[in-house]
Amino acid sequence: MITIQELLYNRGLKRNVKIKLVRHKDVRQDLYDLYKNHRSEFLSYQSSQSKDVFKDVEYIVSFIGEEGIFARFIGVYQIKDRQKFAEDRYHYEMIEVPEQYDDLKERVIIRWSNG
């Protein structure tokens with residue numbers, strides 16, 4: 001079995017940077033549809049958080065939650081800046097790191113485990 005970290009490291013993601021794997025799941029809306037059909041809205045959703053969850057993180061590896069414990073890979077994003085804009089809101093400026101991961105996007109599905 002290969003881990004997502006090994007797959008991404010083999011594609012050039014550096015091991016010595018701070019990375020966070022993120023699984024987006026929201027019962028209020030279909031995030032995969034938002035990602036596929038309204039990309040800018042999805043990126044705004046991803047960039048705005050109620051807690052400072054990406055503090056000191058250099059890259060996020062982003063997934064959308066699927067049924068049960070599965071998650072679909074949608075990209076690697078570099079965090080360029082972080083701003084607190086309300087008492088309980090943070091905005092992260094991010095850019096997608098595309099070339100070496102494009103062929104994996106939406107095709108790699110992992111079993112998500114919190115353990």
Side-chain angles (χ1 to χ4, degrees):
M1 178 171 63
I2 187 169
T3 67
I4 188 68
Q5 293 91 335
E6 290 170 322
L7 182 61
L8 297 175
Y9 293 151
N10 287 336
R11 297 281 181 121
L13 193 60
K14 293 180 173 53
R15 294 177 184 264
N16 61 343
V17 295
K18 188 156 184 194
I19 300 166
K20 187 168 201 167
L21 275 62
V22 178
R23 182 178 189 249
H24 298 292
K25 186 91 171 161
D26 192 331
V27 295
R28 300 169 296 175
Q29 58 187 320
D30 182 345
L31 293 179
Y32 188 63
D33 178 65
L34 193 64
Y35 170 78
K36 288 293 284 181
N37 299 309
H38 308 280
R39 186 70 49 96
S40 63
E41 289 178 44
F42 175 80
L43 294 174
S44 292
Y45 171 89
Q46 175 173 265
S47 297
S48 178
Q49 300 290 322
S50 61
K51 296 180 180 147
D52 198 4
V53 294
F54 304 142
K55 181 181 180 181
D56 300 324
V57 173
E58 296 175 65
Y59 293 88
I60 65 167
V61 178
S62 189
F63 297 85
I64 293 178
E66 301 255 318
E67 291 292 320
I69 60 171
F70 296 99
R72 182 180 302 266
F73 172 72
I74 57 165
V76 176
Y77 297 83
Q78 181 181 17
I79 297 180
K80 303 297 273 180
D81 193 23
R82 163 183 148 267
Q83 295 178 352
K84 185 175 184 177
F85 67 91
E87 189 62 33
D88 64 344
R89 295 308 288 172
Y90 291 84
H91 176 78
Y92 301 88
E93 181 186 334
M94 342 182 149
I95 58 169
E96 187 172 5
V97 182
E99 290 106 18
Q100 65 265 43
Y101 309 110
D102 275 351
D103 64 325
L104 301 177
K105 287 174 25 179
E106 301 179 48
R107 297 178 59 211
V108 172
I109 298 185
I110 65 168
R111 182 171 34 189
W112 193 268
S113 172
N114 289 332

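All of these numbers come straight from a predicted model, not from anything done at the bench.
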All side-chain contact (heavy atoms from CB on, under 4.5 Å) counterparts of [X], not counting sequence neighbours:
{"X": "Thr3", "result": "Gln5, Glu6"}
{"X": "Asp56", "result": "Lys18"}
{"X": "Val17", "result": "Lys14, Ile19, Glu58, Tyr59"}
{"X": "Arg28", "result": "Asp26"}

Going by the salt bridge (Lys or Arg N to Asp or Glu O under 4.0 Å) test, which pairs reach into residues 84-99, not counting sequence neighbours? Glu96-Lys105
Sorted by first residue and then second, give each salt bridge (Lys or Arg N to Asp or Glu O under 4.0 Å) pair with at least one member in residues 43-55; sequence neighbours left out. Asp52-Arg82
Using a cut-off of 6.0 Å, state whether more than 12 heavy atoms not belonging to Arg39 lie near its atom CZ. yes
Taking only residues two or more places apart in sequence, or in another chain, which ones meet Tyr101 in a ring-ring contact (aromatic ring centres under 6.0 Å, His included)? none
Contacts of type side chain to side chain donor-acceptor pair (under 3.5 Å), residue [X], not counting sequence neighbours:
{"X": "Asn10", "answer": "none"}
{"X": "Gln49", "answer": "none"}
{"X": "Arg72", "answer": "Glu66"}

Distance from [X] atom [atom1] to [Y] atom [atom2], nearest 0.5 Å?
{"X": "Ile4", "Y": "Leu104", "atom1": "CD1", "atom2": "CG", "answer": "7.0 Å"}
{"X": "His91", "Y": "Asp81", "atom1": "NE2", "atom2": "CG", "answer": "8.0 Å"}
{"X": "Ile2", "Y": "Tyr9", "atom1": "CD1", "atom2": "OH", "answer": "12.0 Å"}

Suppose clustering is done on Ile, Leu, Val, Met, Phe, Trp and Tyr with side-chain heavy atoms closer than 4.5 Å. Which residues sit in the same group as Tyr77? Val22, Leu31, Tyr32, Leu34, Tyr35, Phe42, Leu43, Tyr45, Val53, Phe54, Val57, Ile60, Ile64, Ile74, Ile79, Tyr90, Tyr92, Met94
Given side chains that start at C-beta, do those of Val61 and Phe73 come closer than 4.5 Å, heavy atoms only? yes
Basic-acidic side-chain contact under 4.0 Å: Arg11, Asp103: yes
Any sub-3.5 Å donor-acceptor pair from Arg23's side-chain atoms to Phe70's backbone N or O? yes
